[in-house]
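Just the heavy atoms: all of them, side chains too, but no hydrogens, waters or symmetry mates, feed the values below. Chain letters run A, B, ... following the sequence lines, proteins first, then strands; residues in each count from 1. Just so it is clear, the model here is predicted, and its values are computed rather than measured.
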There are 2 protein chains.
Amino acid sequence: MRSIRYQQIAEALRERALAASPGSVLPSEAELSQEFKASRVTVRRALELVRDEGLIAARQGFGWFVAIEPLRQRLERLGTIEAQLEGSGMHAGRRIVEFEFVAAPAHVAAVLGAGRVLRVKRVNLADGDPFAVVTVWCPAELGQKLSMADVEQHPFYELVDRELRGATQTIGADSAESVEAALLGVPVGSPLLRCRRVTTDTDGHPVLMSEHLFPAHRTEFVVDLPHDEPSSMPTGLRLVE
Amino acid sequence: MRSIRYQQIAEALRERALAASPGSVLPSEAELSQEFKASRVTVRRALELVRDEGLIAARQGFGWFVAIEPLRQRLERLGTIEAQLEGSGMHAGRRIVEFEFVAAPAHVAAVLGAGRVLRVKRVNLADGDPFAVVTVWCPAELGQKLSMADVEQHPFYELVDRELRGATQTIGADSAESVEAALLGVPVGSPLLRCRRVTTDTDGHPVLMSEHLFPAHRTEFVVDLPHDEPSSMPTGLRLVE
DNA sequence: CCATCAGACTTGTATTATAGTTGTCTACAT
DNA sequence: ATGTAGACAACTATAATACAAGTCTGATGG
């Protein structure tokens, strides 16, 4: 495969920026040019690429430096959906729609590395009204001990016999198919917010996959990007009127 | 049965494209021509065949590379989608649709605290194809110095004469109205990812408001929750009355 | 002590040049 | 219809160079 020089250099600069402490200055473009054995133009192009990603910044006559707090994680302490609903004086409920051991679909098997999985489909309720359809795939060995009553009364992460740590979720949109439309009480074809989440344990191995579908007219996802002062808006998914 | 050479080559290219990571660059047509012992025209026919299937793409003077589908945005940094495009070997472009000084709509005025604003509507292009409609509202006093050429060639946050610090994004979904559908080249009523962003300066004062609309089938947002206590919900949920 | 200024060093922005790549065409062979 | 060979234009990445403009430092002179 052919390689693009300035992308290689950009990758090296990214690592360096993440390793260094915020505010520290990078070598001059001339020095970097010698170090990478590339022309100053090429080095600059790499620097500008990383700058546009927000990791570094420059001041004319001064130099390049690692940007201040490029990645502050503000998504850390967030109450569960249940707590927020109860806090708002609403009653959170769950209704089980499916509870089956099935052969894992390809995209699930690829991530979890399990042939058979427990698939649970639930409808989340706020004061009796449905606001989310959640499907969870869980390796069969972990799901063996779970009952329908368990998954109806407890969040999934309390039930799995593993210590969970992190998650990656991808947020997208879809049109409502007939099944989800009926469960959520919205017209077929209306827009849905879709969150696919892969939850990993303390070793970083994927443990759970889940798909959350929200009616778009009631839900929004709020993300704070690096601030100095805390904003008035909390981070997370929220229901809108 | 006689075998068609360029179809054999196309099959080999498909395998290679699926094995390689998106954005990686294929060998040049001349090199592939040597490798498959076929003329450049034949190799090209194979490449164009695979391109029309959406697996790979090319830029004149640059080369062939594995296409990216769907387009993923990472939310941790205050970077632009353009930076991620360039980092993937694609070419980012902009087309101005509107450039007007108007009275601020209520929800904009409430946040920016400005009566008159500059409203700029742009279509973002990836290798010539539209992938986003972006509307930016900017207080008139800040927009006074900006020209259409400015906003066509630079990201907005580079043009504003304030040091920006953070942003709050609200991600939701919508159905495509006729205007946006036409600009994005998607059917009316198809799902869109909507991202409303309020950008603030170092003092925490709101400076810019923007709305980004993405076709749902091409775009996803990715959020990492590294050391979060997982709940059954994507992150947190907030009810708004 | 303090202000000032020259010079070294830095980024920002051009220009020119070259090798390599895709895009496109024509001519010809099987 | 399919494949080969070649030529040319348009574009890209990279190099080399030059110069403008901003920043820092240290010497100088009061």
Using every non-hydrogen atom in the two residues, find where B:Pro130 and B:Val123 come nearest and quote the distance to one decimal. CB-CG1, 3.7 Å

Does the A:Glu31 side chain pair with the main chain of A:Ser28, one donor and one acceptor, at a distance under 3.5 Å? yes

Let me have the donor-acceptor pairs involving side chains of residues 110-119 of chain B, under 3.5 Å, with sequence neighbours excluded, atom names and distances please.
{"from": "B:Arg116", "atom 1": "NH2", "to": "B:Phe101", "atom 2": "O", "distance (Å)": "3.1"}
{"from": "B:Arg119", "atom 1": "NE", "to": "B:Glu98", "atom 2": "OE1", "distance (Å)": "3.1"}
{"from": "B:Arg119", "atom 1": "NH2", "to": "B:Glu98", "atom 2": "OE1", "distance (Å)": "3.1"}
{"from": "B:Arg119", "atom 1": "NH2", "to": "B:Glu100", "atom 2": "OE1", "distance (Å)": "3.0"}

Taking only residues two or more places apart in sequence or in another chain, which ones pass salt bridge (charged side-chain N to carboxylate O under 4.0 Å, His left out) with B:Arg5? none

On DNA chain D, check which nucleotide each of B:Lys37 and B:Arg59 is closest to and give me the residue with the more 5' one. B:Lys37

Output the rounded distance in Å from CH2 (A:Trp64) to P (D:dG22). 17 Å

Under a 4.0 Å heavy-atom criterion, DNA chain C is touched by chain B from C:dG20 to C:dT24

For a quick test of your reading: what N or O donor-acceptor pairs under 3.5 Å do the side chains of residues 174-191 of chain B make, sequence neighbours left out?
{"from": "B:Asp174", "atom 1": "OD2", "to": "B:Arg194", "atom 2": "NE", "distance (Å)": "2.8"}
{"from": "B:Glu180", "atom 1": "OE1", "to": "B:Glu177", "atom 2": "N", "distance (Å)": "3.1"}
{"from": "B:Ser190", "atom 1": "OG", "to": "B:Pro187", "atom 2": "O", "distance (Å)": "2.8"}

What orientation do B:Phe214 and B:His212 show, parallel under 30°, tilted 30 to 60°, or perpendicular over 60°? parallel

Which residues satisfy the side-chain hydrogen bond (donor to acceptor under 3.5 Å, both in side chains) test with A:Arg16, sequence neighbours excluded? A:Glu35

Rounded to whole Å, the CZ-C1' distance (A:Arg44 to D:dT17) equals 15 Å

Ignoring backbone atoms, test whether A:Thr42 places a side-chain nitrogen or oxygen under 4.0 Å from the OP1 or OP2 oxygen of D:dA15. yes

Nearest-angstrom distance from the residue atom CD of A:Glu29 to C1' of D:dA16: 15 Å

Rounded off to whole Å, could you give me the CD1-to-P distance for the A:Ile4 and D:dA15 pair? 12 Å

Can you check whether B:Glu211 reaches B:Trp137 side chain to side chain, under 4.5 Å on heavy atoms? yes

In whole angstroms, the gap separating C1' of D:dG22 from CZ of A:Phe62 amounts to 12 Å

Flag, side chain of B:Ser33 to backbone of B:Ala38, donor-acceptor distance under 3.5 Å: yes

Are any protein N/O atoms closer than 3.5 Å to N/O atoms in nucleotides 5-10 of chain D? If there are, list each pair with its distance.
{"from": "D:dA10", "atom 1": "N3", "to": "B:Gln60", "atom 2": "OE1", "distance (Å)": "2.9"}

From CD of A:Gln34 over to P of D:dT14, roughly how many Å is that when rounded to an integer? 19 Å

Whole angstrom is fine here: how far is it from CZ in A:Phe36 over to P in D:dT14? 13 Å

